[in-house]
Amino acid sequence: MKAETFVKTHGLDHAKQVLSNADSGANKYVIDFNWYAAGIVTDDYVLLSELSRVIESHDLVTSYDGLHGAKNTLKLFISSIGIGLYHGVDGVNAELEIPRLKQAIADVEACQ
C-alpha cells in the first residue's frame with residue numbers, strides 16, 4: 001500500500017504511531033497483522049521510509065499554516081527566484097525549498 005493511501009485510510013496520528021513503534025531493523029509495516037518486517041512480505045504492507053516522508057511532508061505543510069499557506073509560500077519562493085532573490089522568504093534558500101515544498105504539497109493532497 002502506498003503511504004499516502006495508508007494515511008488517507010488510517011489517519012496521520014496512526015501513521016505517526018506506527019512509525020514511532022517500529023523496530024530499528026524493520027523497513028515495512030504489515031497492515032493486516034499489525035507487525036513489522038525487514039524481509040520480503042506478500043501481504044498488504046507500507047514501507048516505513050515512505051511513511052516517514054509523508055509524515056515529514058505533513059509537518060512541513062503545517063509549518064506553513066496548512067495547504068493554502070504552503071501554496072502561497074511556494075508562489076513567493078518561485079517569484080523570488082524569478083527576480084534573483086535566492087533566499088526567498090525569511091532567509092530560506094528558495095532553490096532548496098521549492099522542490100521540497102512541491103513534494104510536500106503533493107503528498108498532503110494525495111492523502112486527502
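What's counted below: heavy atoms across the whole structure, side chains too, no hydrogens, waters or symmetry copies.
- Considering every non-hydrogen atom in both E50 and K2, the closest pair reads OE1-CA, 4.3 Å.
- The salt bridge (charged side-chain N to carboxylate O under 4.0 Å, His left out) check on K102 picks up nothing, with sequence neighbours excluded.
- Partners of E109 by side chain to side chain donor-acceptor pair (under 3.5 Å), not counting sequence neighbours, listed by chain and number: K71.
- Put simply, OG1 on T5 and NE2 on H10 are 9.5 Å apart, with the number rounded to the nearest 0.5 Å.
- Side-chain heavy atoms closer than 4.5 Å link hydrophobic residues (I, L, V, M, F, W, Y) into clusters, and following such links, possibly through other members, connects I78 to V61.
- The line from CG of L67 to CD of Q112 is 5.0 Å long, rounded to the nearest 0.5 Å.
- Residues passing the ring pair (Phe, Tyr, Trp, His ring centres under 6.0 Å) test with Y64: none are found, sequence neighbours excluded.
- Through side-chain heavy atoms spaced under 4.5 Å, either directly or across other Ile, Leu, Val, Met, Phe, Trp or Tyr residues, F6 is tied to M1, V7, L12, V18, L19, Y29, I31, Y36, V46, L48, L51, V54, I55.
- Side-chain contact of D13 with Q17: a donor-acceptor pair under 3.5 Å is absent, judged by distance alone.
- Of all non-hydrogen atoms in V30 and A37, the two that sit nearest each other are CG2-CB, 4.2 Å.
- To the nearest 0.5 Å, atoms CG (N72) and CG (D65) are separated by 10.5 Å.
- Side-chain contact between H58 and D107 is absent, with no heavy-atom pair separated by less than 4.5 Å.
- Taken from NZ in K8 to SG in C111, the straight-line distance is 8.0 Å, to the nearest 0.5 Å.
- Screening residues 21-41 for salt bridge (Lys or Arg N to Asp or Glu O under 4.0 Å) gives no qualifying pairs among residues at least two apart or on separate chains.
- In this structure, OG on S57 lies 6.0 Å from CZ on R53, to the nearest 0.5 angstrom.
- To the nearest 0.5 Å, atoms OG (S80) and CG (N93) are separated by 9.0 Å.
- Between I105 and L101, some side-chain heavy-atom pair lies under the 4.5 Å cut-off.
- A continuous path of hydrophobic side-chain contacts links I81 to F77 [ILVMFWY only; heavy atoms under 4.5 Å].
- The side-chain contact (heavy atoms from CB on, under 4.5 Å) check on E56 picks up S52, with sequence neighbours excluded.
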